[in-house]
Amino acid sequence: MIYKCNEVLPNKFTYPFVIKAAAELMDRRVGEVVHGMAVKMSLGSDVFILNSLIHFYESCGCLDSAYRVFLNIPVRDVVSWNSMITGFAQGDRPDEALKLFHEMQGEGFRPDEVTMMSVLTACTKKLDLEVGRWVHSNIENGIRGSLNLNNALVDMYVKCGSVEDAQKLFDKMPEKDIVSWTTMLVGYARSGHYITARRHFESMPSQDIAAWNALISACEQSGNAKEALAIFNELQALEMFSCSDDKDVFVWSAMIAGFAMHGHGRDAVELFKKMQESNIKPSGVTFTNLLCACSHTGLLQEGRYFFKKMEPVYGITPGIKHYACMVDMLGRAGHLEEAISLIKSMPMPPLASVYGALLGACKLHGNVEVAEQASARLLELEPWNHGAYVLLSNIYAKSGKWDKVANLRKRMKDIGLKKEPGCSSVEVNGTIHEFVVGDNTHAQSKLIYGKLNEVFETLKSNGYEPNRSQVLQCVEEEDMQEQALHLHSEKLAIAFGLISLTKSQPIRVMKNLRVCRDCHNVAKMISKVYDREILLRDRFTFQVREKF
DNA sequence: TTAGGGTTAG
């Protein structure tokens with residue numbers, strides 16, 4: 001195509017057009033040919049052409065080539081810097097983006113709106129609230145804030161976990177569009193403020209499918225699966241779905257993820273069938289969520305079936321997440337051999353998540369042999385992984401292999417690993433209160449322990465029996481065990497929530513490690529006996545949520 | 001005379 005343009009020779013104004021087209025096509029060959037032609041025509045130092053080339057290499061995923069072009073520009077302008085900063089920010093190299101931003105200012109360039117957008121992308125990727133706030137103050141003091149820039153700032157605050165900052169900015173924005181509103185709604189959804197999210201949704205000037213989706217996830221995250229389904233049905237009744245809109249598949253996938261999260265695998269499968277009846281083509285994420293739902297509900301047959309049909313029927317090549325789901329599913333069901341042969345058949349190198357799933361299954365089924373293999377692979381990939389050691393140690397302990405437990409502890413000590421202490425946090429009126437096991441550092445410690453004792457008395461009279469399996473290995477005396485159970489960080493956080501939040505406020509507890517089974521039971525009972533809403537999450541739950 | 005870079009929801 002390019003060679004046929006010979007009748008009229010391309011000049012320096014033509015190149016950027018052609019390079020942009022090559023970038024859109026993500027066709028590396030075309031771009032490289034054009035690059036070569038430009039050099040031959042002595043246009044190798046034209047800043048417009050080189051800027052286009054930076055963008056082109058970035059869209060082909062060749063950040064290093066892009067950076068080489070950038071370094072070879074004799075006289076850069078602000079667009080050169082912006083193109084390169086954008087490339088690093090979008091290419092998951094936020095540190096380099098921020099470094100370049102500082103360099104740019106050091107060389108006397110004035111950042112513009114586009115620069116700030118990219119720098120915000122970098123902050124968001126890094127989840128760096130401090131740098132984000134600094135960028136915000138920069139914007140207020142220099143570059144004129146625009147609607148887009150404000151939207152990006154609200155998004156940065158939401159993603160970095162500060163709904164408060166997001167809301168402050170949102171409230172004083174002179175102009176808002178549906179993106180501003182939806183981003184804020186997502187913020188409420190993520191932070192679990194369902195009531196606020198609902199109110200916000202209702203006051204929106206208009207609602208598109210993305211807004212409905214955010215409302216549904218807000219509802220799911222607050223643990224209200226039934227209402228989420230009701231909202232979803234309402235949305236269907238509005239016939240807002242169109243076969244062509246990519247956003248539709250988001251809603252269906254999110255709804256399937258919601259069912260997966262609450263262990264309603266059959267509903268997820270039903271929804272998947274309905275989705276097909278509505279002629280909405282599932283995406284890779286839809287399948288991750290669907291397989292996850294099957295796995296959590298033990299729908300082995302269905303899971304195997306969907307996994308098998310992914311490629312031939314739906315044209316979606318199974319990715320690493322799908323394999324990890326399958327390994328988890330097979331492992332939970334006790335089919336460890338099948339899980340292992342699936343891992344061996346994987347076309348890509350298995351990530352830690354895959355071996356982690358296998359190791360979890362070994363714990364469930366007490367298989368020491370496979371556990372040793374799985375943890376060895378896992379530790380090759382992530383030598384610092386505390387979880388793998390702890391899990392293996394628990395598996396050894398469960399089968400009475402105390403010598404191996406001791407060996408493992410020694411190994412952990414030798415390489416300087418300590419078991420990460422369990423820590424739970426609860427938010428009360430905008431302040432995060434953290435508790436570790438047996439914590440007595442909190443100002444209201446006495447009140448908390450008093451409440452905890454009262455709670456356990458009440459629960460016992462309601463038939464509560466502590467689940468001792470998790471502390472058996474470390475505590476021998478029975479009364480000590482009970483004490484250790486009472487002192488779990490989750491329970492302290494819940495007790496503090498009980499005394500400091502009103503009945504209408506949900507108690508949101510977040511744990512850094514996996515929430516233990518006994519704490520789950522206690523939370524469930526408290527919420528029933530005391531009629532309180534308790535949301536107990538750990539970082540694994542969050543990871544699951546964020547992945548899908 | 002003409003051209004190049006940026007934002008939202010799983």
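Just so it is clear: chains get the letters A, B, ... in the order the sequence lines come, proteins before strands, and each one is counted from 1.
The CZ atom of A:Phe201 sits 21 Å away from the P atom of B:dT8 (whole-angstrom rounding).
One finds the CE atom of A:Met156 at 6.5 Å from the CG atom of A:Leu129 (value rounded to the nearest 0.5 Å).
Considering only the side chain of A:Thr183, B:dT8 comes nearest among B:dT8, B:dG10, B:dG6. Distance from the side chain of A:Asn151 is smallest to B:dT7 among B:dA3, B:dG6, B:dT7. With distances taken from any side-chain atom of A:Val114 to the nucleotides B:dT8, B:dG10, B:dG6, the minimum falls on B:dG6. Comparing atom distances between the A:Thr286 side chain and each of B:dT7, B:dG6, B:dG10 picks out B:dG10 as nearest.
Using a 4.0 Å heavy-atom criterion, one finds that A:Ser253 contacts the bases of the nucleic acid, with or without backbone contacts as well. Nucleic acid contact class of A:Asn148 (heavy atoms, under 4.0 Å, all strands): base. Within the nucleic acid shown, A:Lys12 comes within 4.0 Å of at least one base atom, counting heavy atoms only. Within 4.0 Å of A:Asp77, counting heavy atoms only, lies at least one base atom of the nucleic acid. At the heavy-atom level, A:Val79 lies under 4.0 Å from base atoms of the strands shown. Counting non-hydrogen atoms under 4.0 angstrom, A:Glu113 reaches a base of the nucleic acid. Base engagement by A:Phe250 is indicated by at least one non-hydrogen atom pair under 4.0 Å involving a base atom.
Distance alone, capped at 3.5 Å, places no donor-acceptor pair between the A:His35 side chain and the A:Val30 backbone.
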- request: Could you walk me through whether A:Phe201 and A:Trp212 pass ring pair (Phe, Tyr, Trp, His ring centres under 6.0 Å), step by step?
  value: CA-CA 8 Å; A:Phe201 177 83; A:Trp212 279 88; 5.1 Å; yes
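Taking the centre and axis of the six-membered ring of A:Phe170, the NZ or CZ atom of A:Lys176 falls inside the cone set by 45° and 6.0 Å.
By the 5.5 angstrom centroid cut-off and the 30-degree plane limit, A:Phe13 is classified as not stacked against the base of B:dA3.
One donor-acceptor pair, N or O on each side, does fall under 3.5 Å between the base of B:dG10 and the side chain of A:Ser283.
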